[in-house]
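As the structure is a computational prediction, the values presented were derived from the model and not from experiment. First the proteins, then the strands, lettered A, B, ... as listed; each starts at 1.
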There are 2 protein chains.
Amino acid sequence: MAVSLQVLRAQQPGALTTSCPGRVVLDHVTSKWGVLVLGALADGTLRWGELRREVDGISEKMLASTLRTFEADGLVERRAYPEVPPRVEYLLTPLGEDLAEAIAPLLTWVLAHAEEIVGRRAAQR
Amino acid sequence: MAVSLQVLRAQQPGALTTSCPGRVVLDHVTSKWGVLVLGALADGTLRWGELRREVDGISEKMLASTLRTFEADGLVERRAYPEVPPRVEYLLTPLGEDLAEAIAPLLTWVLAHAEEIVGRRAAQR
DNA sequence: CAGTATCCTGATTGATACTG
DNA sequence: CAGTATCAATCAGGATACTG
């Protein structure tokens, strides 16, 4: 049987309703840049500038905001080195690594089917 | 080895960059209500009203918008019955069911760790 | 290099009304 | 029942400039 909201709620009533903590976490992960930042860090530590380049198109503001959110969630760790010029590294915590594994199927699925989907949309008109 | 943007790009250069079709699809799926609508339909066919109740908090406008997007993507099918009162059912296509399986790990992970994450955030101040 | 500050647009929401 | 239309309000996100 498929994993659906109904199935999840059979075990955990009220799961992913407005008042459920899961909604907060899901909102962070599915925020505009959430999965891309997690996907970039899934390979290991990256510096601010590297991260900005990996997550193509992200603004500095949104990168900072996304990272602060994940830091507060305990998913990402920030390491600043008191050097000149400054160096700051970001990496997934064990919890973050666990989450990264959970979103991996989504990333691979999307890449495998993107052409098919976008192609159909184009053909519709 | 973890599935990361870097690993995906080793096989598919430019994967999930701004110009990649995958970004379009990923944006649809991780849109504000995307995974919740997919999660609700993962269990089977639902009517408009049922869907609205399952996806707690969604407005009619956003439900309509999300469904139209997924219809155009070929992920959701709409079946209207010419009856009085009208009846309309929504269900996942085979492609949509496949996607639902890919997001299942995310949903279960989020529910399993939400308390832990939200609790830590609260404790930080 | 690694950010913050500021301003501004556009997406999302809410409320309400209306229709086949 | 299953929507669409419209308007106002809010807020996430974008663009640009600046700093330790």
Side-chain angles (χ1 to χ4, degrees), chain A residues 16-20 23-41 44-73 76-92, chain B residues 16-19 23-38 40-41 44-73 76-91 121:
Chain A
L16 295 176
T17 55
T18 311
S19 59
C20 172
R23 274 287 270 279
V24 176
V25 177
L26 190 63
D27 283 347
H28 293 175
V29 176
T30 64
S31 70
K32 178 138 188 160
W33 302 100
V35 305
L36 290 175
V37 167
L38 291 171
L41 289 174
T45 300
L46 287 180
R47 297 180 62 168
W48 166 272
E50 294 172 327
L51 201 39
R52 229 206 128 177
R53 259 168 277 126
E54 290 291 333
V55 184
D56 188 43
I58 195 170
S59 68
E60 298 195 331
K61 178 183 175 179
M62 289 315 298
L63 179 53
S65 162
T66 305
L67 287 171
R68 298 302 158 256
T69 298
F70 285 152
E71 255 190 279
D73 285 341
V76 165
E77 186 186 335
R78 177 184 189 271
R79 288 187 185 157
Y81 299 88
E83 304 172 354
V84 179
R87 180 164 58 102
V88 180
E89 294 180 345
Y90 293 91
L91 64 153
L92 295 182
Chain B
L16 295 177
T17 55
T18 311
S19 59
R23 274 288 271 278
V24 176
V25 177
L26 189 64
D27 282 347
H28 294 173
V29 176
T30 65
S31 71
K32 178 139 190 157
W33 302 101
V35 305
L36 290 175
V37 168
L38 291 172
L41 289 174
T45 300
L46 287 180
R47 297 179 61 167
W48 166 273
E50 293 171 327
L51 201 40
R52 228 206 131 177
R53 259 169 275 125
E54 290 291 331
V55 183
D56 188 43
I58 196 170
S59 67
E60 297 195 333
K61 193 196 243 178
M62 289 314 297
L63 179 54
S65 162
T66 304
L67 287 171
R68 298 304 158 254
T69 299
F70 284 151
E71 255 189 280
D73 286 342
V76 164
E77 186 186 334
R78 178 183 188 272
R79 287 188 185 155
Y81 299 88
E83 306 171 355
V84 178
R87 179 164 57 102
V88 179
E89 294 180 344
Y90 293 92
L91 63 152
R121 286 185 72 98

Requested in this report: Starting at atom CG of A:Leu51, determine the distance to atom C1' of C:dA2, rounded to an integer number of angstrom.
Outcome: 12 Å
**Report entry** Proximity to the side chain of A:Ser31 - top-ranked nucleotide from D:dG13, C:dG3, D:dA2
**Finding:** D:dG13
Requested in this report: Kindly say if B:Arg47 contacts the phosphate of D:dC1, meaning a side-chain N or O under 4.0 Å from OP1 or OP2.
Outcome: no
Query - Distance in Å, B:Tyr90 OH paired with B:Leu41 CG, rounded so as to fall on 0.5 Å steps - result: 10.0 Å
Query - Separation of C:dG14 P from B:Met62 CE (nearest whole Å) - result: 11 Å
Report task. Examine D:dA2: is either OP1 or OP2 under 4.0 Å from a nitrogen or oxygen in the side chain of B:Arg78? Give yes or no. Result -> no
Report summary line: note: B:His28, atom NE2; C:dT12, atom P; distance rounded to Å ~ 11 Å
Report task. Look at B:Trp33 and C:dA11 and indicate whether a side-chain polar atom (N or O) is within less than 4.0 Å of OP1 or OP2. Result -> no
Query - Pairing partner (Watson-Crick or G-U wobble, both distances under 3.5 angstrom) of D:dG20 - result: C:dC1
Query raised in the report: Once you round it to whole Å, what is the distance between C1' of C:dG3 and CD of A:Glu71?
Result: 13 Å
Requested in this report: Compare the minimum distances between each of C:dT4, D:dG3, D:dC1 and the side chain of A:Arg68, then state the nucleotide with the smallest one.
Outcome: C:dT4
Query raised in the report: If you check every side-chain atom of A:Pro85, which of C:dC1, D:dG14, D:dC1 has the closest atom?
Result: C:dC1
Query raised in the report: Which heavy atom in A:Arg23 sits nearest to a heavy atom in A:Thr18, and how many Å separate them?
Result: NH1-N, 3.9 Å
Query - Interatomic distance, A:Lys32 NZ vs C:dT12 C1' [rounded to whole Å] - result: 13 Å
Query raised in the report: In whole angstroms, how far is the P atom of C:dG3 from the CD atom of A:Glu83?
Result: 13 Å
Query raised in the report: Base, sugar-phosphate alone, or nothing: which one does B:Arg52 contact when heavy atoms must sit under 4.0 Å apart?
Result: nothing
Query raised in the report: Can a salt bridge be assigned to the pair B:Glu71 and B:Arg68 using a cut-off of 4.0 Å between side-chain N and carboxylate O?
Result: yes
Query raised in the report: How close or far is atom P of C:dA11 from atom CG of B:Asp27, stated in whole angstroms?
Result: 12 Å
Requested in this report: Starting from C1' on D:dG14, measure out to CG on A:Asp56 and report it in whole angstrom.
Outcome: 15 Å
**Report entry** Ionic contact status for B:Arg87 with B:Glu89, cut-off 4.0 Å
**Finding:** yes
Requested in this report: Taking all heavy atoms of A:His28 and all of A:Ser31, pick out the closest pair and write down the distance.
Outcome: O-OG, 2.9 Å
**Report entry** Per B:Glu60 side chain, nearest of listed nucleotides C:dG14, D:dG3, D:dG13
**Finding:** D:dG3
Query - Minimum-distance nucleotide (side-chain atoms of B:Pro86 versus C:dG3, D:dA2, C:dT13) - result: D:dA2
Query raised in the report: How would you label the contact of B:Lys61 with the nucleic acid (heavy atoms, under 4.0 Å): base, sugar-phosphate, or nothing?
Result: base
Query raised in the report: Contact class for B:Tyr81 vs. all strands (heavy atom < 4.0 Å): base, sugar-phosphate, or nothing?
Result: nothing
